[in-house]
S.K.: 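Just passing along the structure, written as structure tokens.
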Amino acid sequence: MGALLSTLSLPIASIFAIPMLSSWSTSLNLVFFSITWTTIAMTYAPLQIEFFAPLVIRLLLYILPATLFLLFDLAIPSLAVELKAQGEYGLPGRVGRKKLSRVVAWSCFNILLGVTIQAAIEYVVTDVLRLRSVLAIKGGAWSMNHLPSPWTMVKNISEGLVLRNVLQYYIHTKLLHSPSNTRLTQWHQTWCHSIRTPFAFTAAYDHPVCYLLHKFLPIYLPAVVFRFHIMAYILLLSIFSLEEVFTHSGYNVFPSTIMLRGMARRTDAHMMSQGKGNFAPVGVLDWAHGTSLGADVMDDVQEEMEKHDVQQRAGKAANNVGGAIDDGVSKLKGRAKRGRGKK
């Protein structure tokens with residue numbers, strides 16, 4: 001499985017490294033990736049790919065960074081408290097050693113449970129029922145090297161981003177925070193909402209049934225229904241894993257302030273209010289349904305626009321365009337006059 005691991009590291013590394021690479025080295029990486037992925041798709045069974053690929057992504061982009069964040073919070077609390085949005089109240093050590101161990105253990109268990117269920121579904125479909133793989137492994141008619149077309153990648157990723165947010169919102173509000181106080185609601189309250197301030201491992205800490213409904217299903221179901229290509233699913237899983245780590249970290253400093261800061265603030269508000277609002281991290285449906293707590297997604301967009309002077313730059317651009325048009329018209333008029341004078 002060494003080839004599989006090395007190939008999976010490329011899309012992960014590309015998230016951070018490709019913008020800094022020169023065009024020729026990026027091209028070489030893409031060629032190497034194409035050749036290696038073709039070899040993997042021809043060598044390994046779909047079951048192996050669908051088990052090990054999500055497992056590697058979850059280990060590298062959720063469990064590992066969540067562990068590093070937790071160690072940092074516990075080892076240097078005097079520094080960590082300066083980065084926490086809730087200050088000292090946001091340190092994970094406040095929950096106690098026993099509770100902290102429980103959160104970490106169940107969070108890791110839920111992550112592995114999701115990966116195992118995905119592999120089990122693939123096993124039943126391909127090995128028992130002898131049907132095609134749940135997710136697309138080959139690239140289709142567009143490509144002979146088992147890679148998806150650019151349009152397929154864009155389409156799958158767009159569908160995954162939108163549908164995951166929609167499913168999370170309605171599952172969260174209608175099932176896990178149901179006014180009927182169902183068994184699911186009780187499990188979600190006594191597990192997830194027993195923690196008032198989030199830290200990275202709380203992203204996957206919930207009763208296993210609630211976790212599967214709220215976190216696993218919104219990612220996996222759209223991929224199955226629309227039969228995403230496995231590479232699009234891997235990229236989506238990478239994005240969602242990093243999003244969960246950062247938005248539940250409790251920090252107010254992020255690698256990028258675009259969206260992440262607002263998503264983390266909404267996560268904090270949801271946890272601290274014990275689920276009174278902010279049912280999806282992006283916040284669009286909370287804004288549409290009036291379930292936002294504190295600043296909503298429109299406030300975040302406005303803040304980003306003001307921070308980057310979008311309106312001012314747009315005004316300058318419009319003025320420049322208008323000035324260029326006026327200059328062009330003046331030049332045309334001048335040329336017309338000179339033409340008439342010559343006649």
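Starting from 1, each residue takes its place in the sequence as its number.
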S.K.: Between the side chains of Y89 and R196, is a donor N or O closer than 3.5 angstrom to an acceptor N or O?
M.R.: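 Y89 vs R196: no donor-acceptor pair found between side chains.
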S.K.: To the nearest 0.5 angstrom, please state how far the CD1 atom of I234 sits from the CD1 atom of I239.
M.R.: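 If I round to the nearest 0.5 Å, the distance is 12.5 Å.
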S.K.: Is there side-chain contact between Q168 and P281, with heavy atoms separated by less than 4.5 Å?
M.R.: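 Yes, their side chains come closer than 4.5 Å.
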S.K.: Same cluster or not: F109 versus L100, using hydrophobic residues (I, L, V, M, F, W, Y) connected whenever any side-chain heavy atoms lie under 4.5 Å apart?
M.R.: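 In one cluster: yes.
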S.K.: As a quick check of understanding, evaluate salt bridge (Lys or Arg N to Asp or Glu O under 4.0 Å) for E159 and R164, giving each step before the final call.
M.R.: CA-CA 8 Å; E159 291 170 341; R164 182 251 192 170; over 6 Å; no
S.K.: Who passes ring pair (Phe, Tyr, Trp, His ring centres under 6.0 Å) against H248, sequence neighbours left out?
M.R.: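 With sequence neighbours excluded, H248 shows a ring pair (Phe, Tyr, Trp, His ring centres under 6.0 Å) to no residue whatsoever.
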S.K.: Check whether any side-chain heavy atom of F240 sits under 4.5 Å from a side-chain heavy atom of Y62, and report yes or no.
M.R.: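 They are not in side-chain contact.
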S.K.: Classify the ring geometry of W187 against H207: parallel below 30°, tilted from 30° to 60°, perpendicular beyond 60°.
M.R.: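 Parallel.
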S.K.: Under a 3.5 Å cutoff, is there a donor and acceptor pairing between the side chains of D206 and H214?
M.R.: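 No donor-acceptor contact under 3.5 Å links the two side chains.
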S.K.: Rounded to the nearest 0.5 Å, how far apart are SG of C210 and CH2 of W191?
M.R.: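 So the gap between those two atoms works out to 9.0 Å.
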S.K.: For S133, does its backbone N or O pair with a side-chain atom of R227 as donor and acceptor, under 3.5 Å?
M.R.: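 Judged by distance alone, yes, a pair lies under 3.5 Å.
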S.K.: Between Y251 and D73, is there a side-chain donor-acceptor contact under 3.5 Å, judged purely by atom types and distance?
M.R.: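 A pair is found: one side chain offers a donor N or O, the other an acceptor, under 3.5 Å apart.
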S.K.: Check whether the side chains of S241 and R58 place a donor and an acceptor atom closer than 3.5 Å, and report yes or no.
M.R.: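 Checked: S241/R58 side chains pair up, N/O donor to acceptor below 3.5 Å.
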S.K.: How long is the span from the CG atom in L221 to the CD1 atom in I171, to the nearest 0.5 Å?
M.R.: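 With rounding to 0.5 Å, CG (L221) is 8.0 Å from CD1 (I171).
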S.K.: When you compare the side chains of K99 and S194, does any donor N or O come within less than 3.5 Å of an acceptor on the partner?
M.R.: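 Checked: K99/S194 side chains pair up, N/O donor to acceptor below 3.5 Å.
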S.K.: I'd like to know if the side chain of E122 reaches the main chain of V134, judged simply by a donor and an acceptor atom lying under 3.5 Å from each other, with no hydrogens or angles considered.
M.R.: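 It does hold such a pair.
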S.K.: Return the CD to CG distance between E243 and L61, rounded to the nearest 0.5 Å.
M.R.: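 Answer rounded to 0.5 Å: 12.5 Å.
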S.K.: Can you see whether S292 engages R266 through a side-chain donor-acceptor pair at a distance of less than 3.5 angstrom?
M.R.: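 Short answer, no.
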S.K.: If only side-chain N and O atoms count, and only distance matters, is there a donor-acceptor pair under 3.5 Å linking S107 with Y211?
M.R.: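 Result is no, nothing qualifies.
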S.K.: Do I49 and I117 belong together in a cluster built from hydrophobic side chains that touch within less than 4.5 Å?
M.R.: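 Per the 4.5 Å side-chain linkage, I49 and I117 are co-clustered.
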S.K.: Measuring from I111:CD1 to E244:CD, what's the distance to the nearest 0.5 Å?
M.R.: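 One finds 6.5 Å between CD1 of I111 and CD of E244.
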S.K.: So H172 and H193, would you call those rings parallel, tilted or perpendicular, with 30° and 60° as cut-offs?
M.R.: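 Parallel: the ring planes of H172 and H193 meet at under 30°.
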S.K.: Do other residues, nucleotides or ligands put more than 12 heavy atoms under 6.0 Å from the CD atom of E88?
M.R.: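 No, CD of E88 has 12 or fewer neighbouring heavy atoms, counting only those of other groups under 6.0 Å.
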S.K.: Just checking, any donor-acceptor pair under 3.5 angstrom between side chains of E50 and Y123?
M.R.: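 Side-chain D/A pair, E50 to Y123: absent.
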S.K.: Here's a test for you: under side-chain contact (heavy atoms from CB on, under 4.5 Å), which of V282, N278, V284, D286 qualifies with Y169?
M.R.: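 Only match with Y169 under side-chain contact (heavy atoms from CB on, under 4.5 Å): D286.
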S.K.: Above 12 or not: heavy atoms from other molecules or residues under 6.0 Å from CZ of R132?
M.R.: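 Result for CZ/R132: open.
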S.K.: With rounding to the nearest 0.5 Å, note down the distance linking CG in N156 to OG in S149.
M.R.: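 That separation rounds to 8.5 Å.
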